[in-house]
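Notes follow the structure.
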Amino acid sequence: MPLAQWKEAVLQEVARACRTAFGRDPEGLEVGYPPEVELGDFAVGCFPLARQFRMSPAEIARRIVEAAAPRPPVAAIGASGPYLNVTLLPDHLFGVSIAALREAGGRYGDSAAGAGRRVMVEYLSPNTNKPLHLGHLRNAALGIALVRLLEATGHHVIPAILINDRGVHICKSMLAWQRFAAGATPESEGMKGDHFVGQWYVRYAVEAEKDPSLEAAVQEMLQRWEAGDPETLALWKQMNGWVYAGFEETYRRFGMRFEVFYYESDTYRLGKDVIADGLNRGVFARDGRGNVVFPLPEKPFGREKDGSLKRVTVLRADGTSLYITQDIGTAIRKVTEHALDSSVYVVGSEQEHHFQCLFAILEALGFPWAQACRHLSYGMVYLPEGKMKSREGKVVDADDLIAGMVELAAEEIRRRDPEGRLAEEEIRRRAETIGVGAIKFYLLRVRPAQSIHFDPAESISFDGFTGPYCQYAYARIFGILEKAAERGVSEAGADFGRLGNAEEKLLLRHLLEFPEEVAAAASEFSPARLATHVFHTARAFNQFYNRHAVLQAESPALAAARLALIHATALVLRRGLELLGLEVLENM
RNA sequence: GCGCCUGUAGCUCAGCGGGAUAGAGCAACGGACUUCUAAUCCGUAGGCCGGGGGUUCGAAUCCCUCCAGGCGCGCCA
């Protein structure tokens with residue numbers, strides 16, 4: 001981590017000057033950056049020293065500068081009010097940093113904070129009665145990025161999905177198909193399986209409006225399903241099979257990957273034994289109606305109006321289970337089957353209370369890993385008209401959105417290739433990477449806690465703070481590297497002492513900060529933080545690119561140094577985008 | 001009623017373990033392609049950082065309070 005090394009060098013040099021000036025080591029100093037790169041590479045505010053030396057920070061800064069006798073890698077220390085601005089020798093700063101970065105290669109930015117820890121990340125909980133929508137894509141984008149971020153920080157990550165494949169809602173599409181489809185299949189209709197089934201779910205709602213008796217028929221079907229009626233199970237399996245085939249396509253296209261699939265039809269019976277055991281041990285209690293309840297600790301949950309502890313019902317009096325019953329069972333099953341240290345749930349913020357309860361219960365049951373479990377909560381995705389409601393048909397379908405974005409990207413590619421040199425296959429390949437990347441970046445660029453107001457016009461933009469902007473910067477660098485090879489320009493003989501203009505310094509700073517940003521994004525569960533940094537890096541490159549020539553630089557030694565700098569930039573952009581779940585293109 | 005989240009430029013957002021003149025992107029206006037890809041860059045304009053109080057040498061950032069919006073608050077999932 002070269003950045004830590006530079007900061008340490010800065011602190012040591014400041015400390016040395018401080019000893020000369022005051023005869024004592026400074027305490028509590030931190031290294032930051034000056035507001036303008038021209039002022040220096042690093043900055044140290046002298047505020048913490050005011051108490052120590054009983055002097056104004058500005059006066060302390062002045063005296064330290066007076067006493068400074070900079071040694072490599074420090075080139076100069078200047079004072080600006082209460083701040084010390086430290087400039088490093090460019091051949092050290094650029095040379096060492098770039099060498100370290102190139103050495104790390106595709107693993108630059110990785111760390112070992114989570115080494116040895118096994119964590120399951122569960123994301124996306126689709127229902128098998130309708131296709132995925134925009135909300136699922138936000139969930140997926142966050143899940144994909146979180147998996148990669150945790151891996152980059154040394155965790156062993158097991159990506160998992162929980163599929164809601166049973167219940168009344170599933171029976172509705174089954175019933176509608178049975179009554180009205182006349183044997184139609186996805187194949188016969190030429191439809192993607194999940195869309196095909198979703199169509200019958202919608203049809204049910206339409207028909208139930210006209211014929212209230214369908215409600216009872218659905219309940220009956222659910223009972224047959226629970227009783228294990230072979231015919232019902234066969235239909236259920238067939239229709240779910242169609243849906244899974246459709247989902248598979250969307251998973252693949254959006255880059256979702258799951259190692260473990262949990263099905264609610266398997267897990268919905270779990271948890272009862274644990275609850276019985278907890279009841280015996282006094283973790284749970286029975287309320288007046290015979291329900292098994294868990295009294296929520298006052299600390300985070302507060303109390304009821306009457307002063308009693310709030311509680312959640314974990315098992316109904318009649319012994320039937322609830323959502324949380326099976327979640328308790330599934331959580332334990334996950335840990336025991338995969339030897340986990342912790343479990344992460346990527347689920348919408350409307351379930352925050354549910355997960356707080358779940359974790360509190362697991363902790364009360366005495367599971368040591370409960371404290372390490374986390375809920376990555378994210379806000380809603382609103383459409384211009386309001387919240388997405390699948391039953392009202394006001395949704396943005398995931399497949400439609402992806403296809404639309406890919407098509408827009410293809411149009412843009414064709415517009416930039418008026419002579420039609422690109423093969424159709426190549427256009428499609430690029431459009432896929434750009435279109436999907438645009439969606440992912442759009443969904444990741446704001447903090448998870450923020451709700452997203454989906455703006456169709458803005459979401460299809462490829463300019464500014466977008467995925468394609470970052471991908472474009474990478475492609476530009478790749479173009480230069482390609483041309484360098486053609487022209488026989490290499491990085492050999494690079495003189496890093498010639499680097500150091502404002503654009504180069506700013507770019508290098510972003511490269512140096514990358515590892516910290518990756519670590520922070522992982523520990524804060526905030527891919528948005530990394531998205532911002534990748535964008536800033538791409539922008540810093542574009543600014544450099546527009547002002548300075550690489551291959552046509554004033555001297556071969558400078559050209560070689562710049563080549564090394566942009567090569568390092570490409571590595572950071574690629575890795576950063578990769579951690580966000582985006583792919584890069586060598587040509588756009 | 002209670003809990004959590006959110007409130008920063010016309011719009012969408014970043015910054016919020018306090019520190020130099022509050023930053024982007026979009027939209028608007030004006031510039032830059034004979035030169036490594038203009039999906040780019042530069043410039044102009046646009047802010048009582050929701051209101052009020054407090055802590056501090058210093059507050060968008062910490063504390064209190066109020067206002068507005070969202071989500072949730074045992075026996076739905």
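Here is how names work: the chains are called A, B, and so on, in the same order as the sequence lines, proteins then strands, and each is numbered from 1.
- Backbone-only contact: A:E350 has heavy atoms under 4.0 Å from sugar-phosphate atoms and none from a base.
- Side-chain contact annotation: A:T320 with A:D318, donor-acceptor N/O pair under 3.5 Å present.
- Atom CG of A:N546 is separated from atom C1' of B:A38 by 8 Å (rounded to the nearest Å).
- In B:C33 the base sits syn relative to the sugar, since the glycosidic angle is no further than 90° from 0.
- Residue A:V312 is in sugar-phosphate contact alone, with no base atom involved, counting any heavy-atom pair closer than 4.0 Å across all strands shown.
- Nucleic acid contact for A:N85: base, since at least one base atom lies under 4.0 Å from a heavy atom of the residue.
- Nucleic acid contact class of A:A317 (heavy atoms, under 4.0 Å, all strands): none.
- Distances shown here put a side-chain N or O of A:Q543 below 4.0 Å from the OP1 or OP2 atom of B:C42.
- Within 4.0 Å of A:A475, counting heavy atoms only, lies at least one base atom of the nucleic acid.
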Take A:R498 and A:E554 through the test salt bridge (charged side-chain N to carboxylate O under 4.0 Å, His left out) and record every step on the way to the result. CA-CA 10 Å; A:R498 291 171 183 263; A:E554 295 88 84; over 6 Å; no
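- When atom types are taken as modelled, the side chain of A:N127 and the backbone of A:N129 share no donor-acceptor pair closer than 3.5 angstrom.
- A:L84 comes within 4.0 angstrom of no nucleic acid atom, judged by non-hydrogen atoms across all strands.
- Between the CZ atom of A:F535 and the C1' atom of B:C26 there is a distance of 11 Å, rounded to whole Å.
- Rounded to whole angstrom, the span from the CD1 atom of A:I361 across to the C1' atom of B:G74 amounts to 10 Å.
- Using a 4.0 Å heavy-atom criterion, one finds that A:R316 contacts the sugar-phosphate atoms exclusively.
- Across the strands present, B:G1 finds its partner in B:C73; the criterion is a Watson-Crick or G-U wobble pair with both atom distances under 3.5 angstrom.
- Contact check, A:Y545 against B:A38: a side-chain N or O comes under 4.0 Å of OP1 or OP2.
- A donor and an acceptor atom never sit less than 3.5 Å apart when one is taken from the side chain of A:D463 and the other from the base of B:G25.
- As a whole-Å value, the separation of A:H375 NE2 from B:G72 C1' is 12 Å.
- With A:N85 contributing its side chain and A:A43 its backbone, the two residues share no donor-acceptor pair below 3.5 Å.
- Backbone-only engagement by A:E264 is indicated by non-hydrogen atom pairs under 4.0 Å involving sugar-phosphate atoms exclusively.
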Strictly under 4.0 angstrom, non-hydrogen atoms only: write out the protein contact profile of nucleotides 13-18 of chain B, one letter per nucleotide from the 5' end, B, S or -. SSSB--
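- Residue contacts for A:E586: at a heavy-atom cut-off of 4.0 Å it reaches a base atom on one of the strands shown.
- Within the nucleic acid shown, A:N587 comes within 4.0 Å of at least one base atom, counting heavy atoms only.
- Comparing B:A24, B:G70, B:C36 against the side chain of A:R487 picks out B:C36 as the nearest.
- Exactly one of A:H567, A:E504, A:E491 qualifies for a side chain to side chain donor-acceptor pair (under 3.5 Å) with A:R562. That residue is A:E504.
- Dashed line: the shortest gap from a side-chain N or O of A:Y469 to OP1 or OP2 of B:C41 is under 4.0 Å.
- Protein atom CG of A:L551 is 13 Å distant from nucleotide atom C1' of B:U37, rounded to whole Å.
- Counting atom types as modelled, A:N291 pairs a side-chain N or O with a base atom of B:C75 as donor and acceptor under 3.5 Å.
- Although no hydrogens or angles enter the test, the distance criterion places a donor-acceptor pair under 3.5 Å between the side chain of A:K272 and the main chain of A:G319.
- If you find the closest nucleotide of RNA chain B to A:P468 and to A:H548, the one lying nearer the 5' end belongs to A:H548.
- At least one side-chain heavy atom of A:Y442 sits under 4.5 Å from a side-chain heavy atom of A:D455.
- Outside the 6.0 Å centre-distance limit, the rings of A:H533 and A:H536 are not counted as a close aromatic pair.
- Proximity of A:S349 to A:E352: side-chain heavy atoms (C-beta onward) are separated by under 4.5 Å at one or more points.
- Among the heavy atoms of the strands lying under 4.0 Å from A:I434 is at least one base atom, whether or not backbone atoms are also near.
- Regarding contacts with the backbone of B:A38, a side-chain N or O of A:R476 is found under 4.0 angstrom from either OP1 or OP2.
- Residue contacts shown for A:T466 are absent, as no nucleic acid heavy atom lies under 4.0 Å away.
- Pairing partner, B:C26: B:G10, with both Watson-Crick or wobble hydrogen-bond distances short of 3.5 Å.
- Remark: P of B:C36 and OH of A:Y472 are 12 Å apart, rounded to the nearest angstrom.
- Base contact: A:P34 has a heavy atom under 4.0 Å from a base atom.
- Atom pair A:F355:CZ and B:G72:P shows a separation of 14 Å (rounding to whole Å applied).
- A:H169 and A:N164 form no side-chain donor-acceptor contact under 3.5 Å, judged by distance and modelled atom types alone.
- Following rounding to the nearest Å, A:N542 (CG) and B:G25 (P) show an atom-to-atom distance of 11 Å.
- Searching all strands for a Watson-Crick or G-U wobble partner of B:U34 with both distances below 3.5 Å returns nothing.
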